[in-house]
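Read the structure below first, then the notes.
Predicted model, so just to flag it, every value in this text is computed and none were measured. The figures that follow rest on heavy atoms only: side chains count, while hydrogens, waters and symmetry mates do not.
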Amino acid sequence: PSYVTNLHTLLAQTVASDTALIKNATATLNQQYYKDPACIPALFEIIATSPDQNFSAFGNNAPHHKIRQLGAVELRKRIAQGDGKLWRALDASIRQQVKTKIVATILAEQAAIVRHSTSRVIAAIASWDLAANAWPELMPFLQEATSSPTAAHREVGIYIMYSVLETVIEGIKQQISGLFTIFTELIKDPESAQVRITTVQAL
C-alpha cells in the first residue's frame with residue numbers, strides 16, 4: 001500500500017501549481033518508479049481506487065478523476081514502452097489480474113476522459129497479448145459490452161474496439177467478420193450519438 005500511496009502522491013504533485021514540486025516529482029517517478037515493473041499494478045490500483053473528491057494536498061486541489069486519468073496515461077506508456085519489457089517482466093498471475101479487473105473498472109468509471117484513457121491501456125495490453133493468444137476473454141467482453149442495454153457500456157465497448165483496431169491487427173484477423181456484424185448494429189444505435197460516431201471512426 002505504501003508503494004501505491006507514494007505513487008499517488010507523486011502523480012498529484014505533477015499537477016500541482018508549484019514548478020519545483022512538479023520537477024522533483026517527475027524526476028522521482030522517472031528514476032524510482034517508471035523503470036520498475038511493479039509500477040504497472042500500482043498505476044492500475046490508482047485508476048481503480050482513487051476517489052472522486054478533491055485532492056487538496058500541496059494546494060493544487062486536483063480532482064481525483066484527474067489523478068485517475070493521469071494514472072491511465074502513464075500506465076499505457078509503461079505497458080507500451082520497450083517492446084512491452086515491463087509488462088512481460090510481471091508474473092503471469094499479476095498480468096491476468098490486471099486484465100480481469102481493468103474491464104470491470106472501465107465499466108464502473110464515471111468520467112469519460114478516464115474511460116478513454118483506460119481504453120488505450122486495454123489496447124496497449126492487447127497489442128502484446130492478443131497475438132500471443134494470452135487474452136481470450138477480451139473479445140467476448142467487447143461483444144457483451146457493445147450489446148449491453150446500457151448506452152454507457154456500449155460507448156465503452158466501441159471505444160475500446162476503436163482503440164484496439166488502431167493498435168492491433170495480429171490476433172483479431174479471424175474475428176474481423178464478427179466485428180463488422182457488431183459495427184452494423186452499433187452504427188444504428190438509437191440512443192447514443194457517441195456510439196454511432198465512434199463506430200464510424202472504427203470503420
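To the nearest 0.5 Å, the span separating NE2 on H8 from CZ on R68 amounts to 9.0 Å. In this structure, Y33 OH and N6 CG are separated by 4.0 Å, a value rounded to the nearest 0.5 Å. A distance of 11.5 Å separates CZ of F183 from OH of Y162, quoted to the nearest 0.5 Å. To the nearest 0.5 angstrom, I67 atom CD1 is 8.5 Å from I46 atom CD1. F44 contributes atom CZ, which lies 9.0 Å from atom OG1 of T49 (distance to the nearest 0.5 angstrom). Annotation: the span from L11 atom CG to L43 atom CG amounts to 6.5 Å, rounded to 0.5 Å.
The backbone N or O of A108 sits less than 3.5 Å from a side-chain atom of Q110, completing a donor-acceptor pair. Side chain of R95 to main chain of L90: a donor-acceptor pair is present (N/O by atom type, distance under 3.5 Å, no hydrogens or angles). At distances below 3.5 Å, at least one donor-acceptor pair connects side-chain atoms of D36 with backbone N or O atoms of A38. In this structure, the side chain of T150 does not engage the main chain of A152 through any donor-acceptor pair within 3.5 Å. No side-chain donor-acceptor contact under 3.5 Å links K85 to the backbone of P37. Looking only at distances, a side-chain donor or acceptor of R88 sits under 3.5 Å from a matching main-chain atom of D83.
Applying the 6.0 Å contact sphere to CG of D91 captures more than 12 heavy atoms from other residues, nucleotides or ligands.
Taking all atoms of both residues into account, the shortest heavy-atom contact from C39 to L7 is O-CD2, 4.3 Å. Closest heavy-atom contact between I158 and A202: CD1-CB, 4.4 Å. The minimum heavy-atom distance linking A72 with V121 is given by the pair O-CG2, 3.3 Å. Here the shortest heavy-atom pairing between V195 and E155 reads CG2-CG, 3.4 Å. Scanning both residues, P190 and R196, for their nearest heavy atoms gives C-NH1, 4.2 Å. When all heavy atoms of E191 and P149 are compared, the pair lying nearest together is OE1-O, 4.3 Å.
Judged by the 6.0 Å and 45° rule, R115 forms no cation-pi pair with Y159.
Taking hydrophobic clusters as Ile, Leu, Val, Met, Phe, Trp and Tyr residues chained together by side-chain heavy-atom distances below 4.5 Å, L186 shares a cluster with L165. Linking ILVMFWY side-chain heavy atoms closer than 4.5 Å, directly or via other members, places V4 and V15 in a single hydrophobic cluster. Hydrophobic clustering of Ile, Leu, Val, Met, Phe, Trp and Tyr side chains at less than 4.5 Å, counting indirect connections, unites I47 with L10. Linking Ile, Leu, Val, Met, Phe, Trp and Tyr whenever their side-chain heavy atoms come within less than 4.5 Å puts Y34 and I125 in one cluster. Linking Ile, Leu, Val, Met, Phe, Trp and Tyr residues whenever their side-chain heavy atoms come within less than 4.5 Å leaves I197 and I182 in two separate clusters.
Side-chain polar atoms of S147 and Q143 form no donor-acceptor pair below 3.5 angstrom. A donor-acceptor contact closer than 3.5 angstrom links the side chains of Q194 and T198. Judged purely by distance below 3.5 Å, without hydrogens or angles, the side chains of D129 and W87 pair a donor atom with an acceptor atom.
Between S163 and I122, the closest side-chain pair of non-hydrogen atoms is not below 4.5 Å. Residues L107 and V103 are not in side-chain contact: their nearest non-hydrogen atoms beyond the backbone lie 4.5 Å or more apart. Contact annotation: the side chain of Q96 approaches that of E137 to within less than 4.5 Å [non-hydrogen atoms, C-beta and beyond]. Counting only heavy atoms from C-beta outward, the side chains of M161 and T199 never approach each other to under 4.5 Å. Two residues are said to be in side-chain contact when any heavy atoms from C-beta on lie closer than 4.5 Å; L130 and V164 meet this criterion. Counting heavy atoms from C-beta outward, E74 and R78 have side chains that approach closer than 4.5 Å.
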Would you sort out whether I79 and I40 count as a side-chain contact (heavy atoms from CB on, under 4.5 Å), showing the intermediate values?
CA-CA 7 Å; I79 291 170; I40 288 177; 4.1 Å; yes
Passes side-chain contact (heavy atoms from CB on, under 4.5 Å), V114 versus S117? Steps please.
CA-CA 5 Å; V114 182; S117 295; 5.7 Å; no
Pair H65-I113, side-chain contact (heavy atoms from CB on, under 4.5 Å): steps then yes or no
CA-CA 8 Å; H65 83 261; I113 191 171; 4.0 Å; yes
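Taking the charged nitrogens against the carboxylate oxygens, E144 and R154 have no contact shorter than 4.0 Å, which rules out a salt bridge.
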